[in-house]
Amino acid sequence: MEYKFSDIEKKWQQRWEEQNTCKVESDPSKPKYYVLDMFPYPSGSGLHVGHPLGYIASDIFARYKKHCGCNVLHPMGFDAFGLPAEQYAIQTGRHPAVTTAENIKRFKEQLGAMGFSYDWSREVQTCDPKYYKWTQWIFLQLFKSWYNKKTDRAESIDGLVKIFAREGNVNVDAATDFDTAFSEDEWNDFSEKQQQEILMNYRLAYLSYAEVNWCPELGTVLANDEVKDGRSERGGYPVVKKKMRQWFLRITAYAERLLKDLDTLAWSDSMKEMQRNWIGRSEGALVFFDLPDYNVQLEIYTTRPDTIFGATFMVLAPEHPLVEIITTPEHRQQVAEYLQYVQSRSERERQAEVKKVTGAFTGALALNPFTGRKIPVFISEYVLLGYGTGAIMAVPSDDERDHAFATHFNLPIIDVIDKGMYPGAGREDRVGKLINSGFLDGMEVADAIEAIINEIERRGIGRRMVQYRLRDAIFGRQRYWGEPIPIYYKDDIPYPLDESELPLLLPQMDDFKPSPDGEPPLAKLKNWNYEPTTMPGWAGSSWYFLRYMDPHNDKEFLSKEAEQYWQDVDLYIGGTEHAVGHLLYARFWQKFLYDRGYVSKPEPFKRLVNQGMIQGSSKFVYRISGSEKYVSFNLKDGYEVTPLHVDVSLVKNDVLDIEAFKKWRPENKDAEFILEDGKYLCGTEIEKMSKSRLNVVNPDEIIAQYGADTFRMYEMFLGPIEQSKPWNTHGIDGVFKFVRKLWRLFYDESKFLVTDAPATERELKVLHKTIKKIRDDIERLSFNTCISTFMVCVNELTDLKCSKKTVLKDLVVLLAPFAPHVAEELWEALGNKGSVTAVPYPEYNQKYLAETTFEYPVSVNGKLRTKIELPLDLEQSKVQEEVLASDVVKKWLEGKPPKKVIYVPGKIINIVV
RNA sequence: GCCCGGAUGGCGGAACUGGUAGACGCGCUGGACUCAAAAUCCAGUGGUGGCAACACCGUGGGGGUUCGAUUCCCUUUCCGGGCACCA
């Protein structure tokens, strides 16, 4: 009988569906295990071979855990709101709701063909009102909460109102920029509008004016992580800074906890490091510098207060509010020109020319509180308004940028650190001894920092301060295809919708082109009295993992019972591209919900694995400029050529199918070719897999040719999941051969070969060795070595002609997570009823692994000389005796006694002479 | 510039805590079957020398620790990723 994968796979996929094999319910009698994939954005081009890499890995692990007796939650859904569908709609006139639904259908078909064990009854789609009702609900909870620094958690805003009414805000320590004190009497006298405006400063979801990343092309603002190199991540359009009224989420309140709790997570070091850098904690001091000629103080932040004796000038960000006040009449002109220049520069230019020194003198002088000298105040774009206080004390002796600035403007430089044995050290290194620094002289940097901060605090001219680079997240988007924000306005005051009014449905619209002035599409609707911006793409993905636990609940976002049972994600698999976006926001929402008592775990994802990207190998043809002639790869150097992407399906082993190429596009029909050895060879480049690069390999084709089981195993066989690698189909035959070889242990051309004969010791050894290795390797997600182990096992069983039921039945179960279809088929062939999924995973028996003797490699001075068979756990003295008795060893020792004999049981014997 | 990774045959990659480097697969070479091809099966396959047994070299380069290093330490080159005027 032949191995007919397409029949087998169809049969089992159908049966799993009919029998609800993958459905899972809370079951307190079993331990839970939650395996999650990052749900995909359903793009119009469907899945390519790169997408399933992580899904296959998670499916193997989920199935494995099921075999181990766990109750496994392994769901899938779609991140269905977002820019691409809306952009596509604007170009084609097709409504995003329609195209999204189509795309999801296609994705589900493709996923189904790969035999994943998803419980589709738990599917979520972020654009479904039944889902986004609860996204809106969480937003309302954020709106109705503030962050109490005293208790270090989010609390109800109603509680805050009570405190205000009772004692004003003087005893309140909240996460806010608001610093105006008021008493209980003042609070009670404020108008409704004034009260609401004050409360807005405390809410975790709040409206504020701020510089935002505005993308005119997309007609919307973007979060920091959606901007790369001054361009939008989606589409690559220019981004400019713009001051706008926006919704924000106060993620900065959680900066310290988001940082600290990273230590509790089983994530890769690089992933944690990326989050640490993004949060960007630094310790330093806030210091006030007097401006004697004005009645104001300049607040600066520094991480190196010890260098204050070397501060010879100050620099403000150009947009700093004090610039207007302190600029002297004679410098007004210069400053205005400089501000003009700064304005004219795009974010991109500014980033590209960071080395360029620019700035202007305001004419104002500040007083260095420690040297007592008057120092000039400059403005320059190298100081950013958004970080610290937007002003610095410049220490040109120790800061590279300050030094460049001082040199350019001819300002004094005073050495304050004697670097000693670290002459190349910079300010970050914090090494050396203080000089020219009054009472700090002779101190090590670390001690000096302590001493100066104490002195600053004693004099009341500043204080210790921790600063984060993390900014509050902009939450509104001037776009259509997203969750409406459940806020309405009365007298221009924003109020939350009542929870009973949720969901606030996204109204049907046909024309939702963005306008360049920032007017959101919903504002065009006459009877829309709600907030006109919608939520960003990451809103729905910040909590979807919780909804899977209780997807159909229309009373709560998540019931207590479901939450208590499933708790958190045990294994999360997805790409690195979400390091500082989704993964940070999701942790933030989880912590918020934890504070408010809705979930019981402060972190959502215990273990995170980042699958690598599968790149495409793009193929190129070389057109001779100004002609219809194409020259083969190795001959192209003699010509002036333009490389053009060619569809990978037209190329086999770098050879172009010329006829197919001519038919491929009408403009190619008269193409001529300069061949080498009668063939046209294409060039290759490894790039990201994408439609535009014509290098997309579709999994459907591979599955049609080899079947899903081979496809799954081949993707795993390519290498470690974490590694990125280019797709190539060359090796897939090897995996396919393995499945057929396994099949041939069960069937030859005509009959079923399996017998009930007892297995030999030798066969059991092969089996149990395999069980142990597979179990160990699955646990550390080393699936590529699992496949190799299976191959070795089947090769050995084939050599032994072992078609014995006792051996094969364990092997089939062992293989089931990897190749579920063929495993089910063979399990049934062995006379078993029911799905193999329910069968316990085989345990290995130490008895069959334990060797009594071991062939020891014997080395002399670390060089392998011979091998000698010895009982495994022999005493050192016995070993010595045995080894030295050997003729070969005697020869190597040349009659001299050895200095030492090193014996590691089960590993090696080494003789030192 | 800073911070993380990584470098092993012709190729993808194995070697879990220092212990026989190159598992497994691809490719290649030779052979069997065949009129022939495909498919399948068998054997070989890191390099150099040798008819051979065997010897020497070998995990990007240099150095170190160790009886023993792909693995640990220092240094250097190259590649990938992230951040980037963050005070």
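Per chain, numbering begins at 1; letters A, B, ... match sequence-line order.
- For N277(A), counting side-chain heavy atoms from C-beta on, the closest listed nucleotide (rC3(B), rA87(B), rC16(B)) is rC3(B).
- Nucleotide rC51(B) is matched to nothing when pairs are restricted to Watson-Crick or G-U wobble geometry with both distances under 3.5 angstrom.
- Side chain of P720(A), nearest nucleotide from rG13(B), rC16(B), rA39(B): rG13(B).
- In this structure, a donor-acceptor pair under 3.5 Å is absent between the side chains of T785(A) and S788(A).
- Contacts of R740(A) with the nucleic acid, taken as non-hydrogen atoms under 4.0 Å apart, involve only primed sugar atoms and P, OP1 or OP2.
- If you check rU40(B), rA87(B), rC83(B) against the side chain of K737(A), the one that comes closest is rU40(B).
- Close to rG25(B), at under 4.0 Å from its OP1 or OP2, lies no side-chain N or O of N784(A).
- Among the nucleotides rA23(B), rC26(B), rG82(B), the one closest to the side chain of M274(A) is rG82(B).
- When Watson-Crick and G-U wobble pairs are counted only if both distances are under 3.5 Å, rU66(B) pairs with no nucleotide at all.
- Across all strands shown, rA36(B) forms no Watson-Crick or G-U wobble pair with both distances under 3.5 Å.
- Side chain to side chain, Q880(A) and Y903(A) fail the donor-acceptor criterion of an N or O pair below 3.5 Å.
- rU71(B) is unpaired under the Watson-Crick or G-U wobble criterion, no partner having all donor-acceptor distances under 3.5 Å.
- With distances taken from any side-chain atom of V383(A) to the nucleotides rA87(B), rG5(B), rA14(B), the minimum falls on rA87(B).
- Checking M271(A) against S859(A), the closest nucleotide of RNA chain B that is more toward the 5' end is the one next to M271(A).
- D398(A) and T307(A) form no side-chain donor-acceptor contact under 3.5 Å, judged by distance and modelled atom types alone.
- Looking at K619(A) and N695(A), their side chains never bring a donor and an acceptor atom within 3.5 Å of each other.
- For the P atoms, the distance linking rU45(B) with rA52(B) amounts to 13 Å, nearest Å.
- Under the 30°/60° scheme for interplanar angles, the aromatic rings of F313(A) and F405(A) are found to lie parallel.
- For the segment residues 710-718 of chain A, residues with any heavy atom less than 4.0 angstrom from an atom of RNA chain B are, sorted by number, F717(A), L718(A).
- For the residue pair E256(A) / Y468(A), a side-chain donor-acceptor distance below 3.5 Å is found, with atom types taken as modelled.
- Spacing between rC73(B) and rG19(B) at atom P, rounded to whole Å, works out to 15 Å.
- Spacing between rG62(B) and rU8(B) at atom P, rounded to whole Å, works out to 16 Å.
- Rounded to whole Å, the separation between the P atoms of rG25(B) and rU77(B) comes to 40 Å.
- Dashed line: the shortest gap from a side-chain N or O of Y301(A) to OP1 or OP2 of rA87(B) is not under 4.0 Å.
- Of the listed nucleotides (rG5(B), rC24(B), rA14(B)), rC24(B) has the atom at the smallest distance from the side chain of V792(A).
- Pair check for rC83(B) finds rG1(B); Watson-Crick or G-U wobble, both atom distances under 3.5 Å.
- Donor-acceptor pairing under 3.5 Å is recorded for the side chains of T853(A) and E869(A).
- Here the separation of rC51(B) from rG63(B), taken at their P atoms, is 34 Å to the nearest Å.
- If you check rG5(B), rG13(B), rC16(B) against the side chain of D269(A), the one that comes closest is rG5(B).
- For E273(A), counting side-chain heavy atoms from C-beta on, the closest listed nucleotide (rC3(B), rG19(B), rC41(B)) is rC3(B).
- Side-chain N/O atoms of K867(A) and base N/O atoms of rU20(B) include a donor-acceptor pair closer than 3.5 Å.
- Pair assignment for rA7(B) gives rU77(B), based on Watson-Crick or G-U wobble hydrogen-bonding distances that are each under 3.5 Å.
- A distance of about 37 Å separates the P atoms of rA84(B) and rC16(B), rounded to the whole Å.
- With rA23(B), rC4(B), rA84(B) as the candidates, the nucleotide lying closest to the side chain of S270(A) is rC4(B).
- The base-pairing partner of rG27(B), taking Watson-Crick or G-U wobble contacts with both distances under 3.5 Å, is rU45(B).
- Distance from the side chain of R469(A) is smallest for rA84(B) among the nucleotides rA15(B), rA84(B), rA87(B).
- With sequence neighbours left out, the side chain to side chain contact (heavy atoms under 4.5 Å, CB included) criterion links S397(A) to V395(A), I413(A), D415(A), V416(A).
- A donor and an acceptor atom, one from each side chain of D472(A) and T252(A), are located under 3.5 Å apart.
- Annotated as anti: rG25(B), whose glycosidic dihedral deviates from 0 by more than 90°.
- Residues R780(A) and A391(A) both approach RNA chain B. Their nearest nucleotides, taken by heavy-atom distance, put R780(A) toward the 5′ side.
- Not one side-chain nitrogen or oxygen of Q723(A) sits closer than 4.0 Å to the OP1 or OP2 atom of rG6(B).
- Contacts of D399(A) classified as side chain to side chain contact (heavy atoms under 4.5 Å, CB included), with partners at least two apart in sequence or in another chain: R401(A), D402(A), R427(A).
- Between rG82(B) and R276(A), no contact under 4.0 Å exists linking OP1 or OP2 to a side-chain N or O.
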